[in-house]
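The model shown is predicted, which means the values in this text are computed figures rather than measured ones.
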Amino acid sequence: MRNKRIVSLVAILAMIALISVYALKCQQRNTASDILADFLKSNYDYIVTNYEIENGKSKMIAVYKGNVVYEPYQQHEILIEDPTGKIELLEANYYEKEGEFFYDRKIRTDSDGNPTWLTGKRSGRRYADLYSKEGLLFNFSHTEKVKGINNLVFIAEYEDTMVYVGDKKTIKLPCTIHLEYYVDPNKKMVTKILYDNEDYARATEVAKLMNEGISQKEAEKRISDSSDLHSVKMIFEILLFNEEG
């Protein structure tokens with residue numbers, strides 16, 4: 001009888017432990033959801049590393065340091081690493097004025113590296129909307145260590161339109177942008193964001209073939225059968241979060 005009581009007590013304690021762990025995870029995920037919602041409307045500094053993906057292999061091509069002011073919207077990036085010495089975009093300012101979005105970009109224009117500033121209007125959205133647009137739906141994926149700290153990883157996707165201006169026609173195709181958000185529930189901050197435009201790159205290659213007169217169906221089949229796809233991944237390391245502007 002005593003042994004049965006001990007077994008029952010152990011089973012109860014184990015169940016309590018499991019419930020406690022589950023409750024803690026639920027609390028962490030709820031906290032993370034609040035953190036993500038706050039981040040989308042916050043000011044922050046960041047480092048973004050750009051990678052070129054070719055045939056499944058990743059190569060770092062540029063690193064920028066940047067900062068975002070949510071309202072009124074302003075964003076600044078400056079090139080801090082350029083392994084090839086061939087990156088054209090050296091610095092950029094993005095901003096909102098009277099409800100419209102503009103950019104000033106410092107571009108390397110000749111072999112001597114002499115830069116020039118170009119100004120233009122963006123098509124109805126902030127540059128930051130590439131990776132942090134409002135209205136994203138986040139789904140918990142897994143837990144992963146970032147610099148030795150357990151982070152909750154959330155996945156979000158949004159639909160975009162790839163516009164290809166060819167010599168024969170302009171082609172618009174739908175595509176999906178994939179995002180991964182890393183959240184430290186203890187520090188209550190977003191630590192890292194991964195932006196993946198593989199589907200956008202695939203749509204671009206399909207459009208190139210369509211511009212040559214190939215049907216969309218056939219173009220999609222050729223691209224799906226090919227391993228030669230060039231895409232871009234950007235990893236944003238968030239340095240300061242919810243700082244005053």
Side-chain angles (χ1 to χ4, degrees), residues 36-37 39-41 46 48-56 58 61-62 64 66 68 70-71 73-75 77 87-89 92-105 107 118-139 141 154-181 193-236:
L36 289 165
F39 175 78
L40 296 180
K41 296 182 178 182
Y46 62 90
V48 56
T49 305
N50 293 258
Y51 296 91
E52 183 180 67
I53 312 300
E54 183 177 358
N55 298 326
S58 173
I61 56 174
Y64 293 87
V68 171
Y70 176 71
E71 196 170 49
Y73 169 66
Q74 299 172 56
Q75 186 166 359
E77 283 191 352
I87 295 297
E88 292 183 356
L89 181 60
N93 294 303
Y94 305 93
Y95 52 95
E96 181 180 2
K97 185 178 180 181
E98 298 179 351
E100 295 185 303
F101 299 98
F102 299 87
Y103 63 80
D104 298 324
R105 291 174 177 161
I107 305 294
L118 302 177
T119 297
K121 184 189 294 186
R122 289 186 59 81
S123 56
R125 67 180 183 180
R126 308 176 312 156
Y127 172 67
D129 285 344
L130 282 176
Y131 60 89
S132 66
K133 64 189 300 179
E134 293 182 42
L136 290 173
L137 298 177
F138 295 98
N139 294 304
S141 174
F154 291 80
I155 291 175
E157 293 182 335
Y158 67 87
E159 298 304 309
D160 202 357
T161 300
M162 187 287 307
V163 179
Y164 177 81
V165 180
D167 57 350
K168 299 177 182 178
K169 56 179 134 177
T170 297
I171 300 169
K172 297 181 179 181
L173 294 175
C175 60
T176 301
I177 302 299
H178 177 85
L179 302 169
E180 293 181 13
Y181 272 68
I193 304 168
L194 181 146
Y195 166 93
D196 185 345
N197 82 339
E198 181 178 330
D199 198 47
Y200 186 100
R202 185 176 290 108
T204 302
E205 295 305 314
V206 169
K208 288 178 181 178
L209 293 177
M210 291 174 63
N211 184 60
E212 298 302 318
I214 297 172
S215 71
Q216 182 175 343
K217 184 176 181 180
E218 176 61 24
E220 288 174 346
K221 183 179 184 305
R222 291 191 188 184
I223 296 304
S224 66
D225 292 341
S226 173
S227 60
D228 186 20
L229 183 67
H230 298 255
S231 63
V232 171
K233 284 186 180 179
M234 297 190 291
I235 296 179
F236 294 81

Just checking, any donor-acceptor pair under 3.5 angstrom between side chains of Y46 and E77?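 The criterion, which ignores hydrogens and geometry beyond distance, is satisfied for E77 and Y46.
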
Would you indicate whether the side-chain heavy atoms of [Y] and [X] approach each other to under 4.5 Å?
X    : Y    : answer
R126 : Y94  : no
I177 : N197 : yes
E134 : K41  : yes
H178 : I155 : yes
Y158 : L179 : yes

What do you reckon, is CD of E157 surrounded by more than 12 foreign heavy atoms closer than 6.0 Å? yes

Pair Y131 + Y195: ring centers closer than 6.0 Å: no

Any carboxylate oxygen within less than 4.0 angstrom of a Lys/Arg side-chain nitrogen, looking at E205 and R202? no

Any carboxylate oxygen within less than 4.0 angstrom of a Lys/Arg side-chain nitrogen, looking at D160 and R125? yes

Ring geometry between Y181 and F39 (parallel below 30°, tilted from 30 to 60°, perpendicular above 60°):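 Ring orientation, 0 to 90° scale: perpendicular.
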
What orientation do Y73 and F101 show, parallel under 30°, tilted 30 to 60°, or perpendicular over 60°?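 Ring orientation of Y73 relative to F101: perpendicular.
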
Verdict with supporting geometry, S58 and E52, side-chain hydrogen bond (donor to acceptor under 3.5 Å, both in side chains): CA-CA 6 Å; S58 173; E52 183 180 67; over 6 Å; no

